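Structure first, commentary second.
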Amino acid sequence: MRPFFIYNTLSRKVEEFIPLKPGVVTYYSCGPTVYLPQHLGNMRSYLFTDTLKRTLRLNGYEVRHVMNITDVGHMTSDQDGGEDKIEKTARAEGRSPKEVADYYTGLFIRNIELLRIEKPTVPPGQFCRATEHVPDMIALIGRILDRGYAYVAPSGVYFDVEKWRGANRMGRLSRQSLEEQFSEQRLEHASDKRSKHDFALWVLNQPHHLMQWDSPWGRGYPGWHIECSAMSMKYLGETLDIHSGGLDHVPIHHENEIAQSESATGKPFVRYFVHNAFLVGMEGVKISKSAGRFPVLADLAAAGIDPMAFRLFCFGAKYRSELAFSLDAVRAAQTNLDYIREFARGVPESIAHSPDSDWVESWFDRFHEAVNNDLNTPQALAVVLDLIGEAYRRGDKRIWNAMRRIDTVLGLDLESVRQQAASAILPPEIESLRAQRDEARKRKDFARSDALRSELQSRGYEVRDTPQGTLLHRRG
RNA sequence: GGCGGCGUACCCAAGUGGCCAAGGGAGAGGUCUGCAAAACCUCCAUUCAGCGGUUCGAAUCCGCUCGCCGCCUCCA
């Protein structure tokens, strides 16, 4: 078995990955808050999650993966004040919070499907909605209170950061002390918290908030961080193998998750924390929600770019590096996609189902090694393109078994592309034009054959002359 | 103010102490072709922001300078 290496934010090192339980990986990844469309930067993050899952599976692991959908708004500020983001959108759009959440959840899932990002496996094919796990959150808050790491104040139930810091290691993920984190002290809310560092587990006495639940401490709603702890531990156990999210989650969200979870269970919460870097815009500016306008998948479609091209585009950089977004860069990926698909279309049924040539195995090994090296997808992609080039050079397309295995990681659905080309039945009138063109070419009536080519192209077909006659591919 | 990251050819981007600095896109030339298309071949950074230093040897380690960015408030 080939070792799999991954960068662990906890140690700041690339480590060999070894799961707690042989053969099974428990994995929780942070999902979206559904109050705005998910932009391409978000999609890069979920694509990273998907690649990690697929690579683990390539290595023989069963991946138990949970992903949340935050459909109860937390505050626009992590502190006491601010407005609930979902409710803000709801008011602006004149809809209920549930309508807002449902709408953007649907949009999110459609984008996930377009990018062929696999859905969570626990529960099978389901995302965990925060609103459906409020009792689990309440139970977890109860455990934290029982162990003395939280207290009830009039405005809410708060996590006692000072006490936890005394007992443990707050800041071990971000490597920042609380003083460093809050050095500017911009957060000077007059509140009933014992310390300004304390964060809400449950919010009380916010009568204007639209979404409220009963709890042992009164009517209210959960704090931002608690859902991830509650849902991950409910489905995956109290110690997770892997937890991932965007780099921005390191200092606050994940730090607080660790504190909540470990104070409740007394066990390590996560063994490998993995964080992905951002997609940045043309000026090196983060494509963030607060920046206003940001590209979404539909913008790419409008530019004639396939969602699978965006997949390839993201493979072009390591997940831990910022990736500079531009339409030109994505178009380059589209060209690569066309190249790979073109090869797939040329692999006949007989070859696809017979063993690979001997020389192919070492290429697959190189791919596997690249991807196992902290998901070095740029290198892996280079191997794939080189493998296809080698197949052309040798005139030997017996590489399809390896390509199928490679595609379990790439997720481009190449086998379908191949099969569709192999079984393509042309409409009768198109077939007739094709036959006429072959006839014209035999007679060397090139004026006629060129006219027929234009005709076919205008009907959306790529026209290519081969020794076997005119070959047609539907574009797009 | 505190913490952290980045700067590799026209563009995207691997490589983090040692064969010639991956790969792709764009560009140039060529093979093939009736012409195309597809594919293949060749060319395309003596150089890794700049300046010093460590070393037998550095894009890779250290220092300084310049430039860019993220986090510290919700954010993938």
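Below, chains carry the letters A, B, ... as their sequence lines are ordered, and counting in each starts from 1. Keep in mind it's a predicted model, so treat the numbers as computed, not measured.
Contacts of A:Gly389 with the nucleic acid, taken as non-hydrogen atoms under 4.0 Å apart, involve only primed sugar atoms and P, OP1 or OP2. In this structure, A:Thr49 reaches neither bases nor backbone, as no heavy-atom distance under 4.0 Å exists between it and the strands shown. Backbone-only contact: A:Asn376 has heavy atoms under 4.0 Å from sugar-phosphate atoms and none from a base. Among the heavy atoms of the strands lying under 4.0 Å from A:Tyr46 are primed sugar atoms or P, OP1, OP2 only; no base atom is included. When heavy atoms are screened at a 4.0 angstrom cut-off, A:Arg448 is found touching no nucleic acid atom at all.
Comparing atom distances between the A:Asp465 side chain and each of B:C35, B:A38, B:C12 picks out B:C35 as nearest. Closest contact between the side chain of A:Asp248 and the listed nucleotides B:A76, B:C69, B:G15 involves B:A76. The side chain of A:Arg441 sits closest to B:G34 out of B:C12, B:G34, B:G15.
The phosphate of B:G34 has neither OP1 nor OP2 within less than 4.0 Å of any side-chain N or O from A:Ser449.
Note: CG (A:Leu300) to P (B:C12) measures 17 Å, nearest angstrom. When the P atom of B:U73 is taken as reference, atom CG of A:Asp198 falls 14 Å away, rounded to whole Å. What separates CZ of A:Phe446 from P of B:A37 is a distance of 16 Å, to the nearest Å. As rounded to whole Å, 13 Å separates atom C1' of B:A38 from atom CD of A:Gln457. In this structure, the CZ atom of A:Arg320 is 11 Å from the P atom of B:U16, given to the nearest Å. One can place NE2 of A:His275 at 15 Å from C1' of B:G5, the figure rounded to the nearest angstrom. Between the CG atom of A:Leu247 and the P atom of B:A76 there is a distance of 13 Å, given to the nearest Å. B:G34 atom P lies 15 Å from atom NZ of A:Lys442, rounded to whole Å.
By the 4.0 Å N-to-carboxylate-O rule, A:Glu369 lies too far from A:Arg366 to be salt-bridged with it. Salt-bridge check for A:Asp450 with A:Arg453: passed, with a basic side-chain N closer than 4.0 Å to an acidic carboxylate O. Salt-bridge formation is not detected for the pair A:Arg110/A:Glu113: no Lys NZ or Arg NE/NH1/NH2 atom is positioned less than 4.0 Å from an Asp or Glu carboxylate oxygen. Using a 4.0 Å cut-off between a side-chain N of Lys or Arg and a carboxylate O of Asp or Glu, A:Glu439 and A:Arg448 do not qualify as a salt bridge. Note on A:Asp374 versus A:Arg320: salt bridge recorded, some NZ/NE/NH1/NH2 to OD/OE distance being below 4.0 Å. A salt bridge is defined here as a Lys NZ or Arg NE, NH1 or NH2 lying under 4.0 Å from an Asp or Glu carboxylate O, and A:Lys119 with A:Asp50 fails to meet this definition.
Cation-pi geometry between A:Arg194 and A:Tyr158 is not met at under 6.0 angstrom from the ring centre and within 45 degrees of the axis. Relative to the six-membered ring of A:Tyr103, A:Arg95 meets both conditions, a distance below 6.0 Å and an angle of at most 45° to the axis.
A heavy-atom distance below 4.5 Å is found between the side chains of A:Ser232 and A:Phe269. Within the 4.5 Å cutoff, side-chain heavy atoms of A:Leu375 are placed close to those of A:Thr55.
Applying the ring pair (Phe, Tyr, Trp, His ring centres under 6.0 Å) test between A:Phe48 and each of A:Tyr7, A:Phe278, A:Tyr319 identifies A:Tyr319 as the sole match.
Taking atom C1' on both B:G18 and B:C43, the two are 28 Å apart, rounded to the nearest angstrom. The gap from the P atom of B:A9 to that of B:C64 amounts to 25 Å, rounded to the nearest Å. Separation of the P atoms belonging to B:A76 and B:G5 is 23 Å when rounded to the nearest angstrom. Across the P atoms, B:A45 and B:A21 are found 10 Å apart, a figure rounded to whole Å. With P as the reference atom, B:U46 and B:G4 are 35 Å apart, rounded to whole Å. Comparing the P positions of B:U31 and B:U8 gives an interatomic distance of 37 Å, to the nearest angstrom. B:G23 and B:G57 have their P atoms separated by 29 Å, given to the nearest Å. Comparing B:G25 with B:A38, their P atoms are spaced 12 Å from each other, to the whole Å.
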Could you list, one pair per line, each protein nitrogen or oxygen that sits under 3.5 Å from a nitrogen or oxygen of nucleotides 29-32 of chain B, together with the distance?
none

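A tilted orientation is assigned to the rings of A:Phe313 and A:Phe310, their planes being inclined by 30° to 60°.
Judged by distance alone with a 3.5 Å cut-off, no donor-acceptor contact links the side chain of A:Arg464 to the base of B:A36.
Take A:Arg434 and apply the salt bridge (Lys or Arg N to Asp or Glu O under 4.0 Å) test, not counting sequence neighbours, and it matches A:Glu431, A:Asp438.
Between A:His225 and A:His254, the distance from one ring center to the other does not fall under 6.0 angstrom.
A donor atom on one side chain and an acceptor atom on the other are found under 3.5 Å apart for A:Thr49 and A:Tyr27. Side-chain atoms of A:Asp413 and A:Ser416 include a donor-acceptor pair closer than 3.5 Å. Using modelled atom types, one finds a donor on one side chain and an acceptor on the other under 3.5 Å when comparing A:Gln334 with A:Asp338.
Between A:Lys444 and A:Leu323, the residue whose closest nucleotide on RNA chain B is further toward the 5' end is A:Leu323. Comparing A:Arg453 and A:Ile388 against RNA chain B, the residue whose closest nucleotide sits nearer the 5' end is A:Arg453.
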Protein-proximity profile, nucleotides 19-27 of chain B, B/S/- by nucleotide at the 4.0 Å heavy-atom cutoff, equals ---BSSS--
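Near-neighbour residues of RNA chain B inside residues 95-122 of chain A, defined by a heavy atom below 4.0 Å, are absent. Within residues 390-399 of chain A, the residues having any heavy atom closer than 4.0 Å to RNA chain B are, in order of number, A:Tyr392, A:Arg393.
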inquiry  = What verdict does the side-chain contact (heavy atoms from CB on, under 4.5 Å) test give for A:Met43 and A:Gln38, after you've listed the backbone C-alpha separation in whole Å, the side-chain angles of each residue and the deciding distance to 0.1 Å?
reply    = CA-CA 7 Å; A:Met43 300 327 285; A:Gln38 297 293 303; 3.8 Å; yes
- Message: I'd like to know whether A:Val25 forms a side-chain contact (heavy atoms from CB on, under 4.5 Å) with A:Phe17, so could you lay out the CA-CA distance, the side-chain angles of the two residues, the decisive distance to 0.1 Å, and finally the verdict.
- Response: CA-CA 10 Å; A:Val25 180; A:Phe17 174 75; 3.6 Å; yes
Under the rule of Watson-Crick or G-U wobble with both distances under 3.5 Å, where | means paired to another strand and [ ] a crossing pair, RNA chain B maps to ((((((((.[[[..)..(....]]].(((((.......))))).....[[[[[..)....]]]]])))))))....
